[in-house]
There are 2 protein chains.
Amino acid sequence: MPKQVAPLAIIDLTADAPCCPPLAKRRVPAETAAVLAPAFKALGDPVRLQLMSMIASAEGGEACVCDLTPAFDLTGPTISHHLKALREAGLVDAERRGTWVRARPAILRQLAALLTVEPTPAG
Amino acid sequence: MPKQVAPLAIIDLTADAPCCPPLAKRRVPAETAAVLAPAFKALGDPVRLQLMSMIASAEGGEACVCDLTPAFDLTGPTISHHLKALREAGLVDAERRGTWVRARPAILRQLAALLTVEPTPAG
DNA sequence: GGACTGTCTTGACATCCGTCAAAGCAGAGA
DNA sequence: TCTCTGCTTTGACGGATGTCAAGACAGTCC
């Protein structure tokens with residue numbers, strides 16, 4: 001049985017178009033899983049999920065770190081650590097020294113596309 | 001006495017309707033984040049992401065453990081461990097002693113709804 | 001009933017993760 | 001330039017996670 005390496009060995013997560021068919025439509029190849037799993041993992045922490053939401057829902061998809069930090073009972077370094085995790089997962093982008101963080105909706109779109117399930121066929 | 005901890009006793013993720021507005025539309029409250037983050041976390045491992053895809057894309061959304069195990073270079077107990085993680089996250093359901101696992105598309109729908117982003121406004 | 005097959009559970013271990021305290025570093029203002 | 005403010009990085013620690021080996025358990029077939 002051939003390994004059947006899909007033509008998307010390296011996934012360009014910066015692209016604006018969904019990269020992959022829904023998870024329930026076609027079996028996710030190992031390479032795709034290896035690339036997308038970290039993004040899900042980054043959203044797998046309640047603090048980061050809230051951070052992501054605060055950034056993405058902010059005006060222009062941008063937020064100031066100074067507005068994010070006081071929203072949690074956590075120290076500054078911890079928030080910075082979580083923001084770094086979101087950054088390394090490609091979910092947010094930072095400018096300058098990180099005072100402003102910007103959401104990258106393209107990644108969210110790809111994750112959403114992967115999770116898309118058709119409406120229940122018969123119930 | 002089997003432990004069989006009931007998954008997700010807090011919020012009924014079994015509902016078929018999306019529970020939450022998109023992450024980028026409204027800031028996710030802490031309670032919602034605490035409930036949904038584990039589901040993302042469960043998908044945050046490449047093996048589990050592939051397992052989820054194999055189950056959800058199988059005929060009828062059901063798969064046999066005997067078909068899942070040989071697809072990875074991992075031992076049986078490890079696959080069982082990952083399936084348990086998916087089960088506790090409410091992403092899959094198991095019958096009998098777990099020979100058959102069934103996907104729970106409602107949860108995927110909710111996660112997808114949370115990640116939904118409107119198409120780029122101007123480019 | 002007895003043995004076999006296949007899955008789950010337990011125990012152990014190395015690694016990763018979330019958190020904080022302390023130190024480093026980049027802008028802003030005087 | 002100097003200082004002040006605020007974010008990041010580093011180091012450390014407790015807890016969670018991924019993995020495997022060994023044992024336990026439920027169906028199945030004889």
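Chain letters run A, B, ... following the sequence lines, proteins first and then strands; every chain starts at 1.
For the helix from C/dG1-D/dC30 to C/dA30-D/dT1, the angle separating the two terminal helix axes comes to 30°, with each axis derived from five pairs and the value rounded to 10°.
Looking only at side-chain heavy atoms (C-beta outward), A/I107 and A/V92 stay at 4.5 Å or farther from each other. Considering only heavy atoms from C-beta on, A/L49 stays 4.5 Å or farther from B/T32 through its side chain. Residues A/K25 and A/T116 are not in side-chain contact: their nearest non-hydrogen atoms beyond the backbone lie 4.5 Å or more apart.
Evaluation of the side chain to side chain contact (heavy atoms under 4.5 Å, CB included) rule for A/A24 yields B/A56 as partners, not counting sequence neighbours. The salt bridge (charged side-chain N to carboxylate O under 4.0 Å, His left out) search around B/K84 returns none, not counting sequence neighbours. With sequence neighbours excluded, the residues satisfying side chain to side chain contact (heavy atoms under 4.5 Å, CB included) with A/P46 are B/A33, B/A37. For B/R102, the salt bridge (charged side-chain N to carboxylate O under 4.0 Å, His left out) partners are B/E62, B/D93, B/E95, not counting sequence neighbours. Evaluation of the side chain to side chain contact (heavy atoms under 4.5 Å, CB included) rule for A/C66 yields A/C64 as partners, not counting sequence neighbours.
Whole-Å rounding puts the A/L83 CG to D/dG6 P distance at 17 Å. Between the CD1 atom of A/I79 and the P atom of D/dG6 there is a distance of 16 Å, given to the nearest Å.
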* **Annotated protein contacts, base or backbone, on nucleotides 10-18 of chain D with a non-hydrogen cut-off under 4.0 Å, one of B, S, - each** => -------SS
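Annotation: proximity of residues 65-76 of chain B to DNA chain C (heavy atom, distance under 4.0 Å) is found for B/V65, B/C66, numbered in ascending order.
Within the structure, side chain to side chain donor-acceptor pair (under 3.5 Å) pairs that include any residue of residues 40-61 of chain A comprise A/R48-A/H82 (at least two apart or interchain).
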Donor-acceptor pairs are to be reported for all side-chain atoms of residues 69-81 of chain A against protein atoms at under 3.5 Å, with residues two or more places apart or in another chain.
{"unit_1": "A/T69", "atom_1": "OG1", "unit_2": "A/V65", "atom_2": "O", "d": "3.1"}
{"unit_1": "A/T75", "atom_1": "OG1", "unit_2": "A/T78", "atom_2": "OG1", "d": "3.1"}

